[in-house]
Number of protein chains: 2
Amino acid sequence: MKKKSLQYIADKTGVSVSTVSRVLSGNGEKYRISQKTIAMVKLEADKIDYMPDLIAKGLRTNRTDTIGLTVPNIDNPFFANLSCIVISELKQRGYHVLLADSMELDSEERDALNMFVSRKVDGIIAVPVSASPSLYEEIAVHTPVVLIDRYFDETSLPYICTNNYIGSRMATDYLIRKGHRDLLAIEGNRRALSNRDRTGGFLDEVKSKKGISIRTRIVGNAFSVDNGYNETMAILKSGDLPDAIFAFSTTILLGSIRALREYGIRIPEEISLISFDNNGFLDFLDPAITRIEQPLTEIGRRSTEILSELIENRRKELPDPKPIQELLKPSLIVRDSC
Amino acid sequence: MKKKSLQYIADKTGVSVSTVSRVLSGNGEKYRISQKTIAMVKLEADKIDYMPDLIAKGLRTNRTDTIGLTVPNIDNPFFANLSCIVISELKQRGYHVLLADSMELDSEERDALNMFVSRKVDGIIAVPVSASPSLYEEIAVHTPVVLIDRYFDETSLPYICTNNYIGSRMATDYLIRKGHRDLLAIEGNRRALSNRDRTGGFLDEVKSKKGISIRTRIVGNAFSVDNGYNETMAILKSGDLPDAIFAFSTTILLGSIRALREYGIRIPEEISLISFDNNGFLDFLDPAITRIEQPLTEIGRRSTEILSELIENRRKELPDPKPIQELLKPSLIVRDSC
DNA sequence: GTTTTTTGCGCAATCGTTTGCGCAAAATTC
DNA sequence: GAATTTTGCGCAAACGATTGCGCAAAAAAC
């Protein structure tokens, strides 16, 4: 196969490269190219199965139809699920995806973002990892950015996240209604705002139950199986068991379950369990786990929607609209672990 | 911030664009640029935090340092896991990743591959979906391709997959050694060679046990929870239960478990279960599931290794080496479900 | 048969790099 | 001091597309 450039078609048909370009980008009419020429060019293009060089096109037009997506860890089912949704939403809007895995590392995140900029992506969707929004804010000056799942406190960057505060209150409320009065929360990464919101919701909900005396404990410091395991183990060793454990993520939950099993503690007879994050697997555990489901699909849908609006807006040289910052309400999935 | 092109630095320092380019790409010495000029240019580049336009660079050099990766469904933990490994291996080799999710659809796969070619990716790693290698073979003429996890029968395309045949024999052997004589295999997509290999391994292993009378049944037709559920349900309704069920994937396994639970059948007391694919969650099921683990890390490592060799080879205009086609041996993870 | 309008298309610049070739000035040789 | 070599760097083409401008030929108007 020869080189399939516009030049090639131009030579074959005897018209100029410009004409071929106009025809193939569908602007034949607009530039008053004759039907005969249009047909001829299209025929030739079909014959060699012409596909434009998107690199050259990108250089010239400054658009790549590519979105950079960075997540903390694709291996985590939660992010895999989220990525999946975002990718398919983006595809529907005509974008392709450059994916980076920041591995929860600031340095990797920085690399990924710089790479996105160098590649001139049209926009960026990110689950941020670092504690400061500054790099994102710098980038947002020239490239639209939408944060998902995690966000920053004082920033004008748009974000679409779960309302972790509400979710946490829902879970806590449920536990209390079930009659539990001694609650243990195992939290994740304390740097993450999402985690702090969950902690806040947990405590506020307890406080709101006036007249009911409830004991609360908060331990842990990472969204990991090990953290769940270690903290639960510590509690088990102390012998001072709570009525219920609220795991701030599925990973924490699993660690906790492992520890409880080692001690032969029965769920939910001896202790109740509730968790954040949804995951199909949780229905196959015994007992199936009651949990707070984050509105992933909605996050994926909204974020891509916002991002493409931002991109369109910039293209029209309009000023950015007021940043859209939404916290979406999660839902309670009741199963058998409480 | 102004435009950060070579031109800008050239203007600032008073040298030509070519000189700036040579200095910044580290070829200053080679082109005998004076130390003074080199220092000056570098200083200016640092000052504006210069980052090359990778699009322009790609157009000129015909390399994008990008690899296209397509998988059937990123949402499936198996592929999420695999992608994660491939992505991080590629990053270590200096490549970035354009990710496409083919959703097990031929049409999506075709789109993705064309997109990769249009973007001039340096190479492609793919879990193929379609039944025919023809499109891949066309592409491989100009862009290196390595298949993973699934492969084609009669092709010279390189691939790195699990030896499903061996894995299936290992699982079957284990079941038989455990004393089971009535085996049910629930298979996945029959179009997939990997599935056919598993079926073959299952039957051959049984045949190899001369002198032992073993009953075998093979049902099912998809790598899905529903398929596992439906087929198991059918068996339960017939009342003709096997001693053991061999699920050809985790998804099938889960469906099967759901059905068994509905009927209150105890595992492993009344029936044994074994599965293909590894997944951390399987250890948290009750009982933990005995399974065949695919060497994902090895697949990720080898495939990126092969691919980058192919790319280097092409760059040196050497002929392609004999295609590397490897089937890696899986391993048995013994737990409590048999 | 001019003049004006419309039709149909090409010229050439441009996007930001890379790179082969070559030229002028400085340094060295004789 | 002329010839030669070395040093240091710039010119301009190229990658493959897009697009503003303008020009020639054909058609229409008078």
Side-chain angles (χ1 to χ4, degrees), chain A residues 1-42 44-45 48 50-66 117-122 142 315, chain B residues 1-42 44-45 48-66 117-120 122 142 315:
Chain A
M1 200 71 79
K2 311 101 207 171
K3 310 247 293 206
K4 314 188 205 173
S5 62
L6 289 185
Q7 184 65 60
Y8 177 85
I9 301 182
D11 290 349
K12 276 281 190 189
T13 56
V15 300
S16 74
V17 172
S18 352
T19 301
V20 179
S21 168
R22 296 196 247 249
V23 169
L24 296 182
S25 52
N27 292 327
E29 320 281 321
K30 188 171 133 201
Y31 285 94
R32 299 180 317 213
I33 310 293
S34 69
Q35 291 306 321
K36 207 172 52 181
T37 308
I38 291 186
M40 183 174 63
V41 168
K42 281 190 175 165
E44 194 60 35
I48 64 164
Y50 173 75
M51 285 167 41
D53 181 323
L54 265 22
I55 297 290
K57 185 171 184 155
L59 177 60
R60 180 58 227 251
T61 60
N62 242 321
R63 42 188 294 177
T64 53
D65 294 327
T66 305
V117 172
S118 281
R119 299 262 158 128
K120 292 198 145 38
V121 295
D122 291 345
H142 56 263
R315 293 224 170 103
Chain B
M1 199 72 78
K2 309 104 210 170
K3 311 247 293 203
K4 314 189 210 171
S5 62
L6 290 183
Q7 185 64 59
Y8 177 85
I9 300 181
D11 290 349
K12 276 283 189 186
T13 56
V15 299
S16 74
V17 172
S18 352
T19 301
V20 179
S21 168
R22 296 197 247 249
V23 169
L24 296 182
S25 52
N27 293 326
E29 318 281 323
K30 187 171 132 202
Y31 285 92
R32 298 178 318 213
I33 310 293
S34 70
Q35 290 305 320
K36 209 173 51 182
T37 307
I38 291 186
M40 184 174 63
V41 168
K42 282 190 173 166
E44 195 59 35
I48 64 164
D49 201 16
Y50 173 75
M51 283 167 39
D53 181 324
L54 265 22
I55 298 288
K57 185 171 182 155
L59 177 60
R60 180 60 228 247
T61 60
N62 241 320
R63 42 188 294 177
T64 54
D65 294 327
T66 305
V117 172
S118 280
R119 300 261 158 133
K120 292 198 147 36
D122 291 346
H142 55 263
R315 294 226 169 100

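Below, chains carry the letters A, B, ... as their sequence lines are ordered, and counting in each starts from 1.
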- prompt: When you measure from the side chain of B:S118 to the backbone N and O of A:L54, does any donor-acceptor pair fall under 3.5 Å?
  reply: no
message: From CE of A:M40 over to P of C:dG8, roughly how many Å is that when rounded to an integer?
response: 13 Å
message: In whole Å, I'd like the distance from the CZ atom of B:R63 to the C1' atom of D:dA14.
response: 18 Å
query: Looking only at heavy atoms, which two atoms of B:K120 and A:D53 are closest? And how far apart?
result: NZ-OD2, 2.9 Å
Report all side-chain donor-acceptor pairs from residues 12-26 of chain A shorter than 3.5 Å, counting only partners two or more places apart or in another chain.
unit_1 : atom_1 : unit_2 : atom_2 : d
A:T13  : OG1    : A:I9   : O      : 2.8
A:T13  : OG1    : A:A10  : O      : 3.4
A:S16  : OG     : A:S18  : N      : 3.4
A:S16  : OG     : A:S18  : OG     : 3.3
A:S16  : OG     : A:T19  : N      : 3.3
A:S16  : OG     : A:T19  : OG1    : 3.2
A:S25  : OG     : A:S21  : O      : 2.7
A:S25  : OG     : A:R22  : O      : 3.4

task: Can you see which heavy atom on B:I55 is nearest to which on A:R119, and at what distance?
output: CD1-O, 3.5 Å
- request: Step by step, work out the side-chain contact (heavy atoms from CB on, under 4.5 Å) result for B:T37 and B:M40.
  value: CA-CA 5 Å; B:T37 307; B:M40 184 174 63; 4.3 Å; yes
field: Rounded interatomic separation in angstrom, taking CG from B:L59 and C1' from D:dG16
entry: 6 Å
field: Spacing of A:I38 atom CD1 relative to C:dG8 atom P, expressed in whole Å
entry: 9 Å
message: From NZ of B:K36 over to P of D:dT7, roughly how many Å is that when rounded to an integer?
response: 16 Å
- request: List the protein contact pattern of nucleotides 17-22 of chain D with one symbol per nucleotide (5' to 3'): B for base contact, S for sugar-phosphate-only contact, - for none; contact means a heavy-atom distance under 4.0 Å.
  value: BBBB--
statement: To the nearest angstrom, the CD-P distance between B:E29 and D:dG8 comes to 11 Å
message: Without decimals, in angstroms, what is the distance between B:D11 CG and C:dT17 P?
response: 13 Å
B:R315/B:D122 ion pair, N-O < 4.0 Å: yes
Euclidean distance, atom CG of residue B:N62 to atom C1' of D:dA14 [Å, nearest integer]: 11 Å
